[in-house]
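Here the structure is laid out as structure tokens; the discussion comes afterwards.
To find a chain, count down the sequence lines: A is the first, B the second, and so on, and within it residues start at 1. Note that this is a predicted model, so its numbers are computed, not measured.
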Amino acid sequence: MSGGRCSIVWFRRDLRIEDNPALAAGVRAGAVIAVFIWAPEEEGHYYPGRVSRWWLKQTLAHLDITLRSLGTSLVTKRSTNSVSSLIEVVKSTGATQLFFNDLYDLLYEPWEITDVDGRPFATFVDFWNKCLSMPYDPAAPLLPPKKIISGDLSRCPSDTLVFEDESEKGSNALLARAWSPGWSSADKALTNFINGPLVEYSVNRKKADSATTSFLSPHLHFGEVSVRKVFNLVRIKQVIWANEGNKTGEESVNLFLKSIGLREYSRYTSFNHPCSHERPLLGHLKFFPWVVDENYFKAWRQGRTGYPLVDAGMRELWATGWLHDRIRVVVASFFVKVLQLPWRWGMKYFWDTLLDADLESDALGWQYISGTLPDGRELDHIDNPQFEGYKFDPKGEYVRRWLPELSRLPTEWIHHPWDAPESVLQAAGVELGSNYPLPIIGIDAAKSRLQEAILEMWQREAASRAAAENGTEEGLGDSSGSHRFAFPQYVQMEVEREPIRNNPATMIQRYEDQMVPSMTSFLRVEEEESSVDFRYLPGDSRPEVPANLDLGLDSRRETSNQGGSQIVRYNDTFPLFNATRGLQDVEDSTESSSSNSGRKGRDGGLVPVWSPSAPSASSSSYSERFVGENSGLGRS
DNA sequence: AGTTCGTTTTA
DNA sequence: AAAACGAAC
């Protein structure tokens, strides 16, 4: 049924051929124009980091090669406005249809996974149990097209996309030795993992430098392989091992699937709480007095905190863009609980440096660590890096690899050199405070400081509540107000050797909430985070935007006709990032009614029907309830 | 079989 | 610290 019809298939975070519903639909409908639009400015603060851009570059090249072998090629556009670029492509190709997938790639649609009352889950375990006990399986993966009829590209030239500058090329060259982006490598990685390390997953997952993780995360981030395919293949293995009575295998599968589930949950959470990369999900956490100390932040980034496991992790991250999940937890927990720096800074740093940087996953991870989720770590619990060191790196191999200055220290002291006798240090060539720092802050000091901070948080929360009950407008907890301040800049990672000194507690500044770090020079600095790009939102009057781009359609596949141009949506809303920031305002307005006034851009007609099966009213009241419900948690 | 004790885990 | 799990009684 091609009949000369031509569709645009807009690739976004689905850079694959197989199990790509939008591509399949385009191919079925006739000729196809495959498009990728590079519009990083639309991500606001979250301009992708160096390694992430490197990956994207490689995987796009790979996709292009594949498309060429199938009969077309990838049209690339550099843009600051994806929608106008799309329209340009429509005009220059005469396409009459547009297909694109969700930005979230999930096993089930978010609105399918609810409790008995139809409400979204607020804890992971319940969410995941529900996913695993759904009466029907996730959609089976689609096969790749055998051939693609190309639309007319003669009047639709590609832009050359620039993903790295000269200074980045050198560092990026190394990445290619360890990683191979692209859907076919993703497939290979998946099969290798399933047939290899997966059985041992449960045994090996505790080791800091284990090479037995799946290494799928960057592939999944860019959609080079669909979760449904991962899930399917793993489930097959699971059935086999269950029949064989392979206990280790079964346990491994469950654990691996759980980590897939966490990725699911991160998207689910972002869907139900679009601001979850910006704000704690537990209401009272917005009163937490984070420590704002750029020296702390710098010491952490440079791996000079004086805690070997933390420092080793941070050096590995900087050197390779990779970190084992355990170590991510260690460095993040240290960041939040010991240093008490605002978690969003840490999250932003991960975003800038991780090869598999993923806003949804990282937001969930940081919130979990920070204790800002209903089911996260205890707020007042501090993980002791020394003990964790002996747990995850019992022989100190990991530390020695990344901290050569400690390499000659015996294992007995490797995770707490500050306790080592002078003679031992001397023999190992370690001079604390000189070639390796003393602890930036003692764990005991951190513990009491944390207690105070929590106390202060509850006091402020109470004060704010009292003020609200009096009808007085609270200014105290208004995280969007004047307490925000610009973020410390770091553009390059200086590796200077100045000793880190302890900060006297009196020097510590605390603020209620922080702007996300804006460390890339690409960003327009004057932008507040609230200057959401409303291009995609309904109610925006910009004439060139097809009005039905952002309708909250709830069926899995729905079509609409408008002005002769058909737009087919695959259970999509609009790009998640943009949506995410747009919807944040929705929640704001439900929570602190008057704090909006100072913010730009929030007057536009917001509230797209984000969760279609639950009308907008219920989605905002749910958020309210969520915060309200849980604000009392943990007080006991 | 049911209880208890110890261990492990903790999104 | 608590809960879930599992082994032992």
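With both ends at atom P, the span from B:dA11 to C:dG6 equals 15 Å, rounded to whole Å.
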Filtered N/O pairs between nucleotides 2-8 of chain C and protein, under 3.5 Å:
none

N/O contacts under 3.5 Å, protein versus nucleotides 9-11 of chain B?
from   : atom 1 : to       : atom 2 : distance (Å)
B:dT9  : OP1    : A:Lys206 : NZ     : 3.4
B:dA11 : OP2    : A:Lys258 : NZ     : 2.8
B:dA11 : O3'    : A:Asp375 : OD2    : 2.7

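The pair A:Arg12-A:Asp105 fails the salt-bridge criterion, with no side-chain N (NZ, NE, NH1 or NH2) lying under 4.0 Å from an Asp/Glu carboxylate O. Using a 4.0 Å cut-off between charged side-chain N and carboxylate O, A:Asp383 and A:Arg377 make a salt bridge.
No side-chain donor-acceptor contact under 3.5 Å links A:Glu200 and A:Thr248.
Checked against the 6.0 Å centroid threshold, A:Trp366 and A:Phe335 count as a close aromatic pair.
Under the 30°/60° scheme for interplanar angles, the aromatic rings of A:Trp322 and A:Trp179 are found to be tilted. In this structure, A:Tyr104 and A:Phe271 have perpendicular ring planes: the angle between them is above 60°, well past the 30° mark. The aromatic rings of A:Phe297 and A:Trp300 lie parallel to each other, with less than 30° between the two planes, well short of the 60° mark.
With A:Glu264 as the fixed residue, the side chain to side chain contact (heavy atoms under 4.5 Å, CB included) test singles out one of A:Leu257, A:Leu107, A:Ile113: A:Leu107.
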